[in-house]
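Hydrogens, waters and symmetry mates play no part in the numbers below; they use all other heavy atoms, side chains included. Throughout, protein chains are lettered first and strands after them, A, B, ... in sequence-line order, and every chain is numbered starting at 1.
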There are 2 protein chains.
Amino acid sequence: MARTSGSHAAKTAPRIRAAAIRLFARHGYAAVSMRQIAGEVGVQVGALYNHTADKQSLLLELMEGHLTDLLAACDRADSPDGPVAALEAFVRFHIRYHAERPDEVFIAYMELRNLTPENFARVQTLRRRYEDRLESILRAGIAAGAFRLADARIGTLAIIGMLTGINTWFRAKGRLSLADIEAIYCDMIRQSVGA
Amino acid sequence: MARTSGSHAAKTAPRIRAAAIRLFARHGYAAVSMRQIAGEVGVQVGALYNHTADKQSLLLELMEGHLTDLLAACDRADSPDGPVAALEAFVRFHIRYHAERPDEVFIAYMELRNLTPENFARVQTLRRRYEDRLESILRAGIAAGAFRLADARIGTLAIIGMLTGINTWFRAKGRLSLADIEAIYCDMIRQSVGA
DNA sequence: GTCTATAGATGGATAGAC
DNA sequence: GTCTATCCATCTATAGAC
């Protein structure tokens, strides 16, 4: 959103994004009205349009923001030498990062069909770049003979699916802590690629 | 739907369900109007209400129908002796069954949040019963010392997530056939539980 | 930048004729 | 059972005052 000069501008825009994330994650993009978002922020509907062109742009902004942040964080994270260590580091990074942002994650993979075709393509490009981080690790492991895995691309999709699913059922008050789950997933994934 | 005596009754109800499945899967429950569904079927909006109480009931019907069919098919499928063979049979059954019904599958796990709380509980019960089929296999394998897996419940959720993800990216015209993918997943899942 | 007010479209669901 | 017609609520987005 373009920087504006008024009083609350610097605060309203992020509050709109925060409210939209919460509401879209809870009820779904199509089921949430601009009035509901405005209500959460504490402004009237018309005011929203000072900060976003329309509802679709708001959705795109949330998804692109999430995926851009994810890629940046992934690049900042440690990536140890050796395919097995790198795989474990990726798994732990993914689980922790996603557990901290359940709403953004939920939106980024549930609301794809509510994007216009052009916006969908932009989001898919970012998502693919993230998947490629994992795929590179798997390829390296296969090349080095460290992994027993028939196809790096399918392996990538399988592991990402497994990891992403956590967000659909994990609850902090559940039987196991996130650290427990992280450990179990690390073991399963390491075994799954034959490391 | 109650059986009715008129002319097209026996044909219209299933056509409504088929149209709703297609449209809900493509655009999402909240984004699809009853008018759109009627248009696909070739009737006027008012006619829909001879076959379903309201839009919410239609969604519930689709989900419960899908999950009931899934459970019945799962029970009919061969379940060979021994945890390793049983696990492989489950994986192959799941992949094939789900690949044949992409729209139903998509709805059954994407539209949960559009169910009323009571309907959500009913659907979750059915879903849990399906997951329990896999969980039993994992438990038996752990008990027999055939699997190296720390937790049967987490293992279940991890494997189901991995399998369900296939529907989000698999295309029949893609690089690999479904049989190829089935083989790769069987290997990965068998390895993941340390069999 | 935010407000009120409203345009203009579309939504779910129903009534009553056939 | 299906139709036409319609009620009434709600939606996105905009216009213009402050």
Side-chain angles (χ1 to χ4, degrees), chain A residues 1-24 26-63 107 111 113-116 118-119, chain B residues 1-24 26-63 107 111 113-116 118-119:
Chain A
M1 289 298 89
R3 177 56 44 83
T4 46
S5 55
S7 49
H8 311 145
K11 314 200 65 173
T12 302
R15 293 185 61 208
I16 290 172
R17 283 196 292 274
I21 286 169
R22 266 177 45 84
L23 289 169
F24 288 168
R26 194 99 69 207
H27 309 290
Y29 171 80
V32 172
S33 70
M34 294 298 266
R35 277 180 176 77
Q36 277 178 276
I37 297 171
E40 279 263 316
V41 175
V43 297
Q44 295 300 314
V45 203
L48 297 183
Y49 292 89
N50 291 319
H51 305 279
T52 185
D54 51 27
K55 198 183 172 190
Q56 171 72 204
S57 303
L58 184 54
L59 178 60
L60 175 64
E61 213 180 318
L62 299 182
M63 287 199 183
I107 293 169
E111 299 297 354
R113 66 187 157 178
N114 284 309
L115 292 168
T116 63
E118 308 81 51
N119 291 346
Chain B
M1 287 299 89
R3 177 55 44 84
T4 45
S5 55
S7 49
H8 311 146
K11 314 200 66 172
T12 301
R15 293 186 61 209
I16 291 172
R17 283 196 292 273
I21 287 169
R22 266 176 45 85
L23 290 168
F24 288 169
R26 193 100 70 208
H27 308 290
Y29 171 79
V32 172
S33 69
M34 295 298 268
R35 281 178 175 77
Q36 276 177 278
I37 297 171
E40 279 264 315
V41 175
V43 297
Q44 294 300 315
V45 204
L48 297 183
Y49 292 88
N50 290 319
H51 304 278
T52 185
D54 51 27
K55 198 182 172 190
Q56 171 71 205
S57 302
L58 184 52
L59 178 61
L60 175 65
E61 214 180 316
L62 298 182
M63 287 199 182
I107 293 169
E111 300 297 355
R113 66 188 156 180
N114 285 309
L115 292 169
T116 62
E118 307 81 50
N119 290 346

Side chain proximity check, B:Y29 to B:R113, heavy atoms < 4.5 angstrom: no
To the nearest Å, how far apart are A:N50 CG and D:dC18 P? 18 Å
Whole angstrom is fine here: how far is it from CD in B:Q36 over to P in C:dT10? 11 Å
When you measure from the side-chain N and O atoms of A:Q44 to the phosphate of C:dC3, is any distance below 4.0 Å, counting only OP1 and OP2? no
When the side chains of residues 35-48 of chain B are checked against the rest of the protein, which donor-acceptor pairs come out under 3.5 Å, sequence neighbours left out?
| unit_1 | atom_1 | unit_2 | atom_2 | d |
| --- | --- | --- | --- | --- |
| B:Q36 | OE1 | B:S33 | N | 3.0 |
| B:E40 | OE1 | B:R22 | NE | 3.3 |

Pair A:K55 + A:E111, salt bridge at N-O below 4.0 Å: no
Calculate the interatomic distance between A:L23 atom CG and D:dC11 atom C1'; express it in whole Å. 15 Å
Across the strands shown, which category fits A:V32 at heavy-atom distances under 4.0 angstrom: base, sugar-phosphate, nothing? sugar-phosphate
Atom pair distance, as rounded to whole Å: NZ in B:K11 and P in D:dT2: 12 Å
Can you tell me how far CE of A:M63 sits from CD1 of A:I21, rounded to the nearest 0.5 angstrom? 11.0 Å
Atom CD of B:Q56 and atom CG of B:L115: how far apart are they, to the nearest 0.5 Å? 5.5 Å
Below 3.5 Å between N/O atoms, which protein atoms pair up with nucleotides 13-17 of chain D? Just atom names and distances, please.
| unit_1 | atom_1 | unit_2 | atom_2 | d |
| --- | --- | --- | --- | --- |
| D:dA13 | OP2 | A:Y49 | OH | 3.0 |
| D:dA13 | OP2 | A:K55 | N | 3.1 |

Within this structure, what is the CG-CE distance for the pair B:D54 and B:M34, rounded to the nearest 0.5 Å? 7.5 Å
Could you tell me the separation between the CZ atom of B:R15 and the P atom of D:dT2, rounded to a whole number of Å? 10 Å
How many whole angstroms separate atom CD1 of B:I37 from atom C1' of C:dT10? 15 Å
Phosphate OP1/OP2 of D:dT10 contacted by A:S33 side-chain N/O (<4.0 Å): no
